[in-house]
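The structure under discussion appears below in the form of structure tokens.
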Amino acid sequence: MASEGLAGALATVLGGKGLLVQSCDSEPAGKPLSPVRLRKNVCYVVLAVFLNEQDEVLMIQEAKRECRGAWYLPAGRMEAGETIVEAMQREVKEEAGLLCEPVTLLSVEERGASWIRFVFLARPTGGVLKTSKDADAESLQAGWYPRVSLPTPLRAHDVLHLVELGAKFCQQAMHPHILPQELPCSVVCQRLVATFTTVQSVWVLVGSVGTPHLPITACGFTPMEQRGGVKVAILRLLQECLTLHNLAVETKGLLGLQHLGRDHADGICLNVLVALAFRNPGIQDEPPKIRGENYFWWKVLEEDLQKQLLHRLQESSVIPLSR
């Protein structure tokens, strides 16, 4: 890919869109990667935050034996063959009785590649709010409650942070409206927009095996990688081409993600913005030296792409990726 092709790929990813995953530049040591399968070696969870004009939050009362009677946000596990958005819409309909559409991804949470939760800000488009007369195995009822006075007991207090994240986004969007892109992927992996900046320039790390491209690192499922989270795969790729002991590596967050769900394509590709800097910067006009021939630094010359990258880096204008 010439620099025009790289510029197009970068613009696509910065715009929250996806690119086909052809292969991975870095993979865990050991046996070759096999395709992931939902409910077998990966679990994906969806959760939706709803806030109305009265600053009320949509809550559901749990019916499950272990938390019966407690309150939570509409949430649940994805099923085989679903897209991420379809899973969110199904859970909201089952638990709250409402039809809905997603506004944006608010957050992505992970416990390693085997457990990932996708948090949406959503809005109702129809349906009938579930009452206690409609109680079933999915939920006992649903209702709108003031954001400052949620019903108790809560199933878990993680909802408090997510509700505030949604309220903050409604007041002032921290990042563009981003939704999952429906593109197939067989593994859990990350496409890196790994950047190095100086006062006047921005560089992006590029994989050079085959057509030059934004590098992709596959996530592993060893106990160590599960404990360390998906960041382990980022550091693995960077260690293959850079000397990291004198570098600070900051995972800023997500620019987008892609998943299909149909045709047994249960994998996910996260498009991740990463910032690299020298620990003792001094006057550094060049990015850190690359080891080997599989990667190189691409100096971004297009002014619009430079501005977009700097804004996303400086303002952390990304979807939070948290553990």
Side-chain angles (χ1 to χ4, degrees), residues 43-78 84-111 115-179 253-254 315-323:
C43 174
Y44 303 147
V45 177
V46 291
L47 181 147
V49 178
F50 291 80
L51 286 153
N52 65 18
E53 293 181 354
Q54 290 74 46
D55 199 28
E56 294 173 325
V57 181
L58 179 65
M59 302 288 289
I60 63 99
Q61 192 173 33
E62 296 282 8
K64 293 186 284 291
R65 184 176 61 179
E66 63 271 20
C67 54
R68 187 178 180 86
W71 292 85
Y72 205 63
L73 296 169
R77 295 183 180 186
M78 284 178 58
I84 299 172
V85 169
E86 287 169 349
M88 183 273 290
Q89 292 172 321
R90 175 185 52 77
E91 288 291 347
V92 171
K93 181 66 169 64
E94 290 175 350
E95 296 189 344
L98 300 181
L99 306 176
C100 70
E101 63 182 10
V103 176
T104 185
L105 278 164
L106 274 180
S107 172
V108 174
E109 302 162 345
E110 52 92 9
R111 299 175 190 165
W115 188 94
I116 301 175
R117 183 164 76 167
F118 306 95
V119 179
F120 287 89
L121 181 66
R123 64 168 67 95
T125 58
V128 178
L129 190 67
K130 193 172 189 176
T131 68
S132 58
K133 292 185 294 185
D134 307 311
D136 58 19
E138 300 296 338
S139 68
L140 300 180
Q141 61 179 317
W144 293 93
Y145 291 88
R147 178 165 61 91
V148 296
S149 181
L150 297 179
T152 56
L154 293 174
R155 172 182 152 189
H157 284 78
D158 60 342
V159 298
L160 300 176
H161 164 70
L162 298 176
V163 166
E164 291 310 305
L165 192 64
K168 184 178 178 183
F169 192 95
C170 290
Q171 293 162 7
Q172 183 176 1
M174 298 85 75
H175 54 75
H177 289 61
I178 297 170
L179 294 174
L254 299 184
E315 303 298 325
S316 293
S317 179
V318 290
I319 300 167
L321 176 62
S322 59
R323 285 183 59 72

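The shown structure was predicted, so the numbers you read here are calculated from the model rather than taken from an experiment.
The shortest non-hydrogen separation linking Ala142 to Ile60 is CB-CG2, 3.9 Å. Looking at every heavy atom in both residues, Gly69 comes nearest to Pro153 through O-CD, 4.3 Å. Of all the heavy atoms in Leu129 and Asp134, the pair that sits closest is O-OD2, 4.3 Å. The two residues Leu179 and Pro102 have their closest heavy-atom pair at CD2-CB, 3.6 Å.
For the ring pair (Phe, Tyr, Trp, His ring centres under 6.0 Å) test, residues two or more places apart in sequence or in another chain that qualify with His177 are Phe169. Every residue two or more places apart in sequence or in another chain was checked for a ring pair (Phe, Tyr, Trp, His ring centres under 6.0 Å) with Tyr72, and none qualifies. Listed by chain and residue number, Lys252 satisfy the side-chain contact (heavy atoms from CB on, under 4.5 Å) test with Ser316 (two or more places apart in sequence, or in another chain). Residues satisfying the salt bridge (Lys or Arg N to Asp or Glu O under 4.0 Å) test with Glu101, not counting sequence neighbours, are Arg123.
For the salt bridge (Lys or Arg N to Asp or Glu O under 4.0 Å) condition, the pairs that include at least one residue of residues 162-177, sequence neighbours left out, are Arg147-Glu164. Screening residues 142-168 for ring pair (Phe, Tyr, Trp, His ring centres under 6.0 Å) gives Trp71-Tyr145 as the qualifying pairs, with residues at least two apart or on separate chains.
Counting only heavy atoms from C-beta outward, the side chains of Cys100 and Met88 approach each other to under 4.5 Å. With contacts defined as side-chain heavy-atom distances shorter than 4.5 Å, the pair Val119/Val49 qualifies. Two residues are said to be in side-chain contact when any heavy atoms from C-beta on lie closer than 4.5 Å; Glu56 and Leu150 fail this criterion. Using a 4.5 Å cut-off on side-chain heavy atoms (C-beta onward), Cys67 and Arg155 make contact.
Each of Leu121, Leu98, Val92, Val57 was compared with Phe50 under the side chain to side chain contact (heavy atoms under 4.5 Å, CB included) criterion, and only Val92 meets it.
With Thr104 contributing its side chain and Ile178 its backbone, the two residues share a donor-acceptor pair below 3.5 Å. Distance alone, capped at 3.5 Å, places no donor-acceptor pair between the Glu110 side chain and the Ile116 backbone. Under the 3.5 Å distance criterion, the side-chain polar atoms of Ser317 are matched with a main-chain donor or acceptor of Met174.
A salt bridge does not link Glu95 with Lys130: none of the charged nitrogens is closer than 4.0 Å to a carboxylate oxygen. Here Glu66 does not pair with Lys64 in a salt bridge; the nearest charged N to carboxylate O distance is not below 4.0 Å. In summary, Arg90 and Glu86 do not engage in a salt bridge, as defined by a charged side-chain N under 4.0 Å from a carboxylate O.
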Task: Intermediate values then yes/no, side-chain contact (heavy atoms from CB on, under 4.5 Å), Gln89 and Val46 - done: CA-CA 9 Å; Gln89 292 172 321; Val46 291; over 6 Å; no

- [ ] Evaluate the side-chain contact (heavy atoms from CB on, under 4.5 Å) criterion for residues Leu140 and Arg68: first the C-alpha distance (whole Å), next the side-chain angles of each, then the deciding distance (0.1 Å), finally the verdict.
- [x] CA-CA 8 Å; Leu140 300 180; Arg68 187 178 180 86; 3.6 Å; yes

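A 6.0 Å sphere centred on CZ of Arg323 holds more than 12 heavy atoms belonging to other residues, nucleotides or ligands.
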